[in-house]
Amino acid sequence: MAEQDNTNTNNGTPERTDFIRQIVIDDNKTGKWDNRVHTRFPPEPNGYLHIGHAKSICLNFGIAAEFGGKCNLRFDDTNPSKEEQEYVDSIVYDVKWLGWDWQDRLFFASGYFEQMYQWALDLIRKGAAYVCDLNGDQVREHRGTLTQPGKESPYRNRSVQENLDLFERMRKGEFPDGSRTLRAKIDMAHPNLNMRDPIMYRIMHTSHHRTGDAWCIYPTYDWSHGLEDSIEGITHSICTLEFENHRPLYDWFLDQLGIYHPQQIEFARLNLTYTVMSKRKLLQLVKDNFVNGWDDPRMPTISGMRRRGFSPSGVRSFAKVIGVNKTNSTVDVALLEHCIREDLNKSSPRVMAVLKPLKVVITNYPDDQVEWMDAVNNPEDPSAGTRKVPFSKVLYIEQDDFMENPPSKFFRLSPGKEVRLRYAYFIKCEKAVKDAAGNIVELHCTYDPATRGGDSPDGRKVKATLHWVADSNALDAEIRLYSHLFTKENPEDTPEGEHFTTNLNPDSLQVLTGCKVEPHVKETRALDRWQFERMGYFCTDSDSRNGKLVFNRTLTLKDTWAKIQQKG
RNA sequence: UGGGGAAUGGUGUAAUGGUAGCACGGAUGGCUCUGGACCAUCUAGUUGGGGUUCGAGUCCCUAUUCCCCAGCCA
């Protein structure tokens, strides 16, 4: 794996106990599972993983790690019409990137199709399942409503022999799609609609990304999921809240079969402010080109966060801090950003880059001289060492770091004022040079040679320290600035009849060109993470080429000055 | 109006009948060669109404609000 920081230290005892970990602790106390703890993460390969999946992944793999158990990666690939190998590959990559290891336990529901078929035969022989000739519309009509019981299918009481024969012929491919199903015989008047003779198999003459054309009947989620868990010896089958209504069915199938019976436990899925989380909506953002693919750095997908520059350990720390419960909630994206900043602050090498350059000429500095100044790579981590940064007569500072007529709280450069250039010299602004239109195009400054390295021997203080890049050896770069994809905390909050896409933030991507970066990053490769001092955390983009560097802004630093400005 | 769930500061989450705590956010101050980081202080909460108890966020009753379910999706 390319990531060096993807090992997690999530083993030993749990640091916090949510209600699920409490169940595991209690089970270990009573010996319910012979002190085994075995979970699984069971994605359907029909889309890319997102931050909500990361919560589930960290929960399942985290619990296994903390309790000395195991966690399987299992693809729930029971519907070939929606699933693709591309998604399988991306999911495998993403879970690994997050830092988790399933060892040799990579499984596919499709690997169990024959066993599931045999168990279906068992239920038919017991008189607990039957082949139904109703079509989709008819099944719906027979199901009844929330308040009214359903009607029994006219095919409900076929003989075992006839059912066996018909089911075998379903498998052989004698019937067209949708013409017949295998159904569990439970109770058409059950108050839980899931128990009204649910479908176990449907006919689909569709190639499967793993089993090809071996099957033309495919098991439904309700029928297959508990079987998959049972086969793998799962102890705690953790899923999201919407499956709570399905638990009676999960239990019913396993009880009817009399096989090993894991415990299903449901928790609330993650919602985040300023983004959407449903696979359907994310797919639409991609398909309708509102973003540039699944890994667009504005997407809440794991691949998007990776490209944006989020670290696996930062995402894991977020998963830990949000906790787990059964309450529907929406986490403030600021909490995610906090976790990422906290992690990046410790790990990111610092470097200087000027996003919006303003040319500065140091009038009293020798014309062709270049000095290499010592700079600290990471003040949070002495082992990161130091580097040399070139200083020359012509250099660049941030346009925002100069004001001709500054307000009192502006500490940076203005005419007649003195500031420090980080790791270099104190400079004083003598003159702002303007073009015909009155725009400031360059600054003439003088430096104090006695302040070399950044300190004044006479004890003179300066209010601000600016980052800068010398014209000599400077690298040109494109820098992409990102902000929230939506303008509203809740993108679903739309006027009557309008779509969530009307809340898309038109300024979520801003591309800057002609940015200047110090030569230290010349050899940078995609996914390298940096802190550009005073500007934020950045990540080298995969579009980056030698000679044409591209960086994504992961997050800004906390910006006190911006707050002061906002207050007016 | 059937069934299944859930309600603790602005947000997320603890407290397992015994001082309502932590984190984010916000505010204020300190420090600083990043207006970063760090440190300190402050801010603000048990959905409503009854009841049991020496004592209730927790137990009981009741009301209210929100979420999920009528795919041959998962």
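Here is how names work: the chains are called A, B, and so on, in the same order as the sequence lines, proteins then strands, and each is numbered from 1.
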Touch check for [X], heavy atoms < 4.0 angstrom, all strands: base, sugar-phosphate only, or nothing?
{"X": "A:L134", "answer": "base"}
{"X": "A:E533", "answer": "base"}
{"X": "A:S81", "answer": "nothing"}

A:R460 to A:F426 six-membered ring, cation-pi geometry met (6.0 Å, 45°):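 Cation-pi check for A:R460 and A:F426: fails.
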A:W468 ring centre to A:R422 NZ or CZ under 6.0 Å, with the angle to the axis within 45°? no
Between [options], which one does the side chain of [X] approach most closely?
{"X": "A:K82", "options": "B:rU13, B:rC73, B:rC24", "value": "B:rC73"}
{"X": "A:N135", "options": "B:rC72, B:rG36, B:rA14", "value": "B:rC72"}
{"X": "A:P379", "options": "B:rG35, B:rG12, B:rG36", "value": "B:rG36"}
{"X": "A:K558", "options": "B:rA74, B:rG35, B:rG36", "value": "B:rG36"}

Ignoring hydrogens and angles, answer whether the base of B:rA70 and the side-chain atoms of A:H142 contain a donor-acceptor pair closer than 3.5 Å. no
If you compare every side-chain N and O of A:R280 against the phosphate oxygens of B:rC73 (OP1, OP2), does one of them come in below 4.0 Å? no
Look at A:R412 and B:rU34 and indicate whether a side-chain polar atom (N or O) is within less than 4.0 Å of OP1 or OP2. no
5'-to-3' dot-bracket of RNA chain B (Watson-Crick, G-U; under 3.5 angstrom; crossing pairs as [ ]; | other strand): .((((((..((((....[..))))((((((.......))))))...(((((..]....))))))))))).....
Less than 4.5 Å apart, side chain to side chain, heavy atoms only: is that true for A:K185 and A:E152? no
Atom CG of A:N325 and atom C1' of B:rA23: how far apart are they, to the nearest Å? 15 Å
Could you state the atom-to-atom distance from CZ of A:R21 to P of B:rA14 in whole Å? 11 Å
Does a donor on one side chain and an acceptor on the other come within less than 3.5 Å for [X] and [Y]?
{"X": "A:R387", "Y": "A:H520", "answer": "no"}
{"X": "A:Y48", "Y": "A:D94", "answer": "no"}
{"X": "A:S313", "Y": "A:D343", "answer": "yes"}

Any stacking of A:W561 on B:rG35, going by centres under 5.5 angstrom and planes within less than 30 degrees?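 Yes, A:W561 stacks on the base of B:rG35, since the ring centres sit under 5.5 Å apart and the planes are within 30°.
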Do A:F243 and the base of B:rA74 stack face to face, with centres under 5.5 Å apart and an angle between planes under 30°?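 No, the aromatic ring of A:F243 does not stack with the base.
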Considering the options A:F167, A:Y221, A:Y218, which one meets the ring pair (Phe, Tyr, Trp, His ring centres under 6.0 Å) requirement together with A:Y201? A:F167
Could you check A:Y537, A:F538, A:F532 and say which one makes a ring pair (Phe, Tyr, Trp, His ring centres under 6.0 Å) with A:F551?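 Running ring pair (Phe, Tyr, Trp, His ring centres under 6.0 Å) over A:Y537, A:F538, A:F532 with A:F551 returns exactly one hit, A:F532.
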Taking RNA chain B as the partner, which of residues 187-195 of chain A come within under 4.0 angstrom of it by heavy atom?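 The answer is A:P191, A:L193.
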Need the glycosidic conformation of B:rG71: syn if within 90° of 0, anti if not. Which one? syn
Which protein N or O atoms sit under 3.5 Å from an N or O of nucleotides 5-10 of chain B?
unit_1 : atom_1 : unit_2 : atom_2 : d
B:rG5  : O2'    : A:E244 : OE1    : 3.2

For the C1' atoms, the ones on B:rA20 and on B:rA56, what distance do you get once it is rounded to whole angstrom? 12 Å
Taking only the C1' atom of each, what is the distance from B:rA70 to B:rA14 in whole angstrom?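 So the two C1' atoms sit 39 Å from each other.
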